[in-house]
Amino acid sequence: MNISDIKTEQDLLDVLKGYTTFERAVYLTTFKIPRGKVSTYSRIAKKIGHPKAFRAVANTLNKCPLWPVVPCHRVVASDGRFTGNEKGASHRRILIRDEGVPIKGGKVVLTEDVLF
DNA sequence: CCCGTGACCGACT
DNA sequence: CAGTCGGCCACGG
């Protein structure tokens, strides 16, 4: 199955076979983030039942082998910053802005209505 | 099994 | 407000 054919969560799970349960949980949760919204490494960690594994979540999203099926660009730091190297960060910032998420001072304005 | 590696986080100075 | 610092943890070598 091609990555571009992934439509449902089940499709994603099939493609994710062979991955770690932790990685599957991270990608599956990220997959659910709707356009126009964002989440943070910390929030994802809580959602998958590993509230203190936010750092490991970042490592996993950094790989992001299934982009753009899995919208890894919608996950930012807890203060709204786009982390990582300048190139990737600025790229994600463009995408997020195009999706209609408010950005101020180069950071996402993290309000309840924009957080997933 | 130990160790280095981060797209981290929150507290503290 | 800008740095620093200690704690955190899955993963691969």
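Just so we're on the same page: letters track the sequence lines, and every chain starts at 1. The figures here come from the full heavy-atom set of this structure, side chains too, leaving out hydrogens, waters and symmetry mates.
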Of A:Lys63 and A:Phe54, the one whose closest nucleotide on DNA chain C sits nearer the 5' end is A:Phe54
Describe the nucleic acid contact of A:Arg81 in one word from base, sugar-phosphate, nothing, applying a heavy-atom distance below 4.0 Å. nothing
Practice task
For residues A:Ile96 and A:Arg74, determine if any side-chain heavy atom of one lies less than 4.5 Å from a side-chain heavy atom of the other.
Solution key: yes
Per nearest nucleotide of DNA chain B, the residue lying toward the 5' end, A:Thr40 or A:Asn59, is A:Asn59
So the contacted stretch of DNA chain B, first to last nucleotide with an atom under 4.0 Å from a non-hydrogen atom of chain A, runs from B:dG6 to B:dG10
| query | Should A:Ile44 and A:Phe22 be counted in the same cluster of Ile, Leu, Val, Met, Phe, Trp and Tyr side chains packed under 4.5 Å apart? | reply | yes
* To do: Evaluate the side-chain proximity of A:Ser78 to A:Phe54: yes if any heavy-atom separation is below 4.5 Å, no if none is.
  => no
Practice problem: With heavy atoms under 4.0 Å as the rule, sort A:Tyr41 into base, sugar-phosphate or nothing. | Solution: base
**Prompt:** Do A:Phe116 and A:Val38 touch side chain to side chain, with heavy atoms closer than 4.5 Å?
**Reply:** no
- Would you check if A:Leu115 and A:Thr40 make a side-chain contact, meaning some heavy-atom pair closer than 4.5 Å? yes
5'-most to 3'-most nt of DNA chain C touching chain A (<4.0 Å, heavy-atom partner on protein side) reads C:dG7 to C:dC11
At 4.0 Å (heavy atoms only), tell me whether A:Thr60 reaches a base, stays on the sugar-phosphate, or touches nothing. nothing
Exercise for the section: Rounded to whole angstrom, note down the C1' distance from B:dA7 over to C:dG13. Expected result: 22 Å
Test of understanding: clusters of I, L, V, M, F, W, Y form through side-chain heavy atoms closer than 4.5 Å, transitively. Do A:Val114 and A:Phe82 belong to the same one? yes
Rounding to 0.5 Å, atoms CZ (A:Phe31) and CG (A:Leu16) come to a distance of 10.5 Å
Residue pairs meeting salt bridge (Lys or Arg N to Asp or Glu O under 4.0 Å), one or both in residues 76-93 of chain A, sequence neighbours left out, come to A:Asp79-A:Arg81, A:Glu86-A:Arg93
